[in-house]
Number of protein chains: 2
Amino acid sequence: MAKGDRKWRDRFRKHGLRFTEPRRVILEVLSDTIEHLSAEEIYMKVHKKHPNIGLTTVYRNLYTLERMGIVTKFHFGDGCHRYELIESNKKPDHHHHLVCTGCKRIIDYDDFMDEEIEYIKKVEKALSRKHSFHITDHVIQFYGICKKCKAA
Amino acid sequence: MAKGDRKWRDRFRKHGLRFTEPRRVILEVLSDTIEHLSAEEIYMKVHKKHPNIGLTTVYRNLYTLERMGIVTKFHFGDGCHRYELIESNKKPDHHHHLVCTGCKRIIDYDDFMDEEIEYIKKVEKALSRKHSFHITDHVIQFYGICKKCKAA
DNA sequence: TTTCTTGTTGATAATGATTATCAATAATAA
DNA sequence: TTATTATTGATAATCATTATCAACAAGAAA
């Protein structure tokens, strides 16, 4: 077992779960991409490496990984969910998404994160006071037209 | 035809569309609520007034209204889309949503809109320069636990 | 080791929201 | 009045996601 895998195994152990081959492969696929893959797309990449791993297993484990706080599930308005590894060495830790309504491409961006965090904090404080609402998460997404689609 | 209806009729006309009874009723339902109704929920309310209007018609017209810029479609992560009238006399023009992950209730809020607009503007400018991306819309949502669910 | 418990898997069927199809109908234009 | 075009409602189809369930495999207990 590779060194990185041992880490994963321990992480699963803590939740009383096992670090299986399908889980290893799914994490591998997610680690190797900067894209925002859907369950179906993940399944296809997984399938190339291990043709015996089924789609159900992919769905099931994406849910597991989500609960474990390892992946995040997004909805960009194209009829399916898309998944992203939270701790990826291919992406900035905290970032948001730019969705092109033309070609559906998704661009990560992480500018003005300080300003954003400042703004979010302010809102959180006000909301917890005004509505006694305890914020645990937020989603910020931008929609528009990318360079290519503008030219076309 | 009521005075308000004439306005709607003209608006549809401009798009080469007709202001029909199903459309009138759907708009009526949306105007009369502060909730964030799903297509199914809208259909049920519409159905009470006009039992002959079908679910398909509701879906179709919500799409039409969306394209016309009259309603906005949201996705709060509960497996369906929810619709809101853009120009409603029951809601502030610009607002965001607080989603309780416990009871799924959605709270509108419109605090700190100035700060937000300031922040958004900054991001828009930077993005258009950096990625030549032209932003047309954005989504900001907060997830957390509401008062009731916290107590329970 | 053997046995027992429990997590995991893959195939299949089921669900639920949304869309496509299509003939019938109603509104508008010619 | 007729021709055109938008609209409708019912039905079937689609697509992503979940539930079911028997077979299997890893780890714990004996």
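Below, read A as the first sequence line, B as the second, and so on, with proteins coming before strands; counting in each chain starts at 1.
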> Relative to the ring of B/His47, is the ring of B/Tyr43 parallel (under 30°), tilted (30 to 60°) or perpendicular (over 60°)?
Replying inline: tilted
>> What's the closest nucleotide to the side chain of A/Thr56 if the choices are C/dG7, C/dT28, C/dT12?
In response: C/dT12
>> Within the structure provided, determine whether A/Leu17 and A/Arg11 are in side-chain contact (heavy-atom separation under 4.5 Å).
In response: no
>> Does D/dA16 have its OP1 or OP2 closer than 4.0 Å to a side-chain nitrogen or oxygen of A/His81?
In response: no
> How would you label the contact of A/Thr20 with the nucleic acid (heavy atoms, under 4.0 Å): base, sugar-phosphate, or nothing?
Replying inline: sugar-phosphate
>> Nearest 0.5 Å, please: how far is NZ in B/Lys91 from OG in B/Ser31?
In response: 11.5 Å
> What is the distance from CZ of B/Arg13 to P of C/dA27, rounded to the nearest Å?
Replying inline: 13 Å
> What orientation do A/Phe142 and A/Tyr109 show, parallel under 30°, tilted 30 to 60°, or perpendicular over 60°?
Replying inline: perpendicular
>> Nearest whole Å is fine: how far is C/dG10 P from A/Leu62 CG?
In response: 13 Å
> How are the rings of A/His96 and A/His94 set to each other: parallel, tilted or perpendicular (split at 30° and 60°)?
Replying inline: perpendicular
> Given atom CD of A/Glu66 and atom P of D/dT18, what is their separation to the nearest angstrom?
Replying inline: 9 Å
> At under 4.0 Å, does any side-chain N or O of B/Tyr59 touch on OP1 or OP2 of C/dT18?
Replying inline: yes
> A/Arg18 has a side chain; which of D/dA6, D/dA26, C/dG10 sits nearest to it?
Replying inline: D/dA26
> Closer to the 5' end of DNA chain C via nearest nucleotide, is it B/Tyr63 or A/Glu21?
Replying inline: A/Glu21
> Toward the 5' end of DNA chain D, which comes first, B/Val58 or A/Lys73, by nearest nucleotide?
Replying inline: B/Val58
> How many Å lie between CZ on B/Arg60 and P on D/dT7, as a whole number?
Replying inline: 10 Å
>> Quick check on C/dG10: is either OP1 or OP2 less than 4.0 Å from any side-chain nitrogen or oxygen of A/Thr57?
In response: yes
>> Between C1' on C/dT19 and CG on A/Asp78, what's the gap in Å once rounded to a whole number?
In response: 16 Å
>> Is there a side-chain contact between A/Asn52 and the phosphate of C/dA11, meaning an N or O under 4.0 Å from OP1 or OP2?
In response: no
> For A/Arg67 and C/dG7, what is the distance between atoms CZ and C1' respectively, to the nearest whole Å?
Replying inline: 12 Å
> Looking at C/dA17, D/dT17, C/dG7, which one has an atom nearest to any side-chain atom of A/Leu55?
Replying inline: D/dT17
> Counting side-chain heavy atoms from C-beta on, which of D/dA25, D/dT8, D/dT7 comes nearest to B/Asn61?
Replying inline: D/dT8
